[in-house]
> 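Please find one structure pasted underneath; my questions will follow.
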Amino acid sequence: MPPPKKSKTGLIVTLSVIGGLVVLGGCGVLVAGIASVGSTTESSATGHSPAAKAPEKTAPAEKPVEKEKAKPAEKEKGPEGDVKITGCTVNSMTTWPDADVEIVNHSGEKANYIISVEFVNAEGTRFGEGMAATNNLAPGQKSVQKAQGLEKASGKVTCKVTDVSRYPSP
């Protein structure tokens, strides 16, 4: 009589649990990265940036995040001067807002950018936010990215840049 066939149920369950943990860990890292972005700069849908209002923040000592409080006459300096909103629309199918974000690297080295955008309704109430990012942007190079909101919008919407993080590419 041949020996009974071994079941592979235990192996399948173990691999499924490990795969699920890897996916959850990746999501946790993504959420932690998004949550660590604060607010420093505003930009209207026309791309004009008033002075920064939030206090200066820094990242770990190994890779400092460049932050500068911009004065109206100096708005082209620092990471905030590298970013402007070139479009602010609401998708007619989804009714979700989005912002077209133009990034031009004015620093002297290749850089990565993370930009936070808020969506404000006609009454001035913030109702959503989105993010845009680009990596390995060479000095003088331009990148156009989309910051997508996931909240339903109606009426006039204004898009404002709330944070710009620029750090050297590895």
> Give a yes or no answer on whether the side chain of Thr162 reaches the backbone of Ser116 with a donor-acceptor pair at less than 3.5 Å.
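Side chain of Thr162 to backbone of Ser116: a pair is present.
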> Between Asn121 and Val157, is there a donor-acceptor pair closer than 3.5 Å when you use the side chain of the first and the backbone of the second?
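Such a contact is absent between Asn121 side chain and Val157 backbone.
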> At what distance, to the nearest 0.5 angstrom, does CZ of Arg166 lie from CD1 of Ile114?
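So the gap between those two atoms works out to 13.5 Å.
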> NZ/Lys110 to CG/Asn135 distance, rounded to the nearest 0.5 angstrom?
10.0 Å
> CE/Met131 to OG/Ser165 distance, rounded to the nearest 0.5 angstrom?
7.5 Å
> Name the residue from Val104, Asp82, Asn105 that meets the side chain to side chain contact (heavy atoms under 4.5 Å, CB included) definition with Leu137.
Asn105
> If I take atom OG from residue Ser107 and atom OH from residue Tyr113, how far apart are they, to the nearest 0.5 angstrom?
5.0 Å
> Identify the two heavy atoms, one from Asp98 and one from Gln148, that lie closest to each other, and give their separation to 0.1 Å.
CB-OE1, 3.7 Å
> Considering only heavy atoms from C-beta outward, does the side chain of Val120 approach that of Lys160 to under 4.5 Å?
yes
> Verify the neighbour count for atom NZ of Lys156: are there more than 12 heavy atoms of other residues, nucleotides or ligands below 6.0 Å?
no
> Can you see which heavy atom on Gly130 is nearest to which on Phe119, and at what distance?
N-CE1, 3.7 Å
> Out of curiosity, does Val90 fall in the hydrophobic cluster containing Val101 (side-chain heavy atoms, cut-off under 4.5 Å, transitive links)?
yes
> Assess whether side-chain contact (heavy atoms from CB on, under 4.5 Å) is satisfied between Glu151 and Trp96, documenting all intermediate values.
CA-CA 6 Å; Glu151 299 78 14; Trp96 292 346; 6.0 Å; no
> Would Val117 end up clustered with Phe127 when hydrophobic side chains under 4.5 Å apart are linked, directly or stepwise?
yes
> In terms of side-chain heavy atoms, does Ser143 have a donor or acceptor partner in Gln145 at a distance below 3.5 Å?
yes
> Taking atom types as modelled and ignoring hydrogens, do the side chains of Ser169 and Asn112 form a donor-acceptor contact shorter than 3.5 angstrom?
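On atom types as modelled, these side chains qualify, holding a pair under 3.5 Å.
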> Scan side-chain atoms only and decide if Asn91 and Thr89 contain a donor-acceptor pair under the 3.5 Å cut-off.
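There is no such pair between these side chains.
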> Are the side chain of Glu118 and the backbone of Gly128 linked by a donor-acceptor contact shorter than 3.5 Å?
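No, because the side chain of Glu118 does not come within donor-acceptor range (under 3.5 Å) of the backbone of Gly128.
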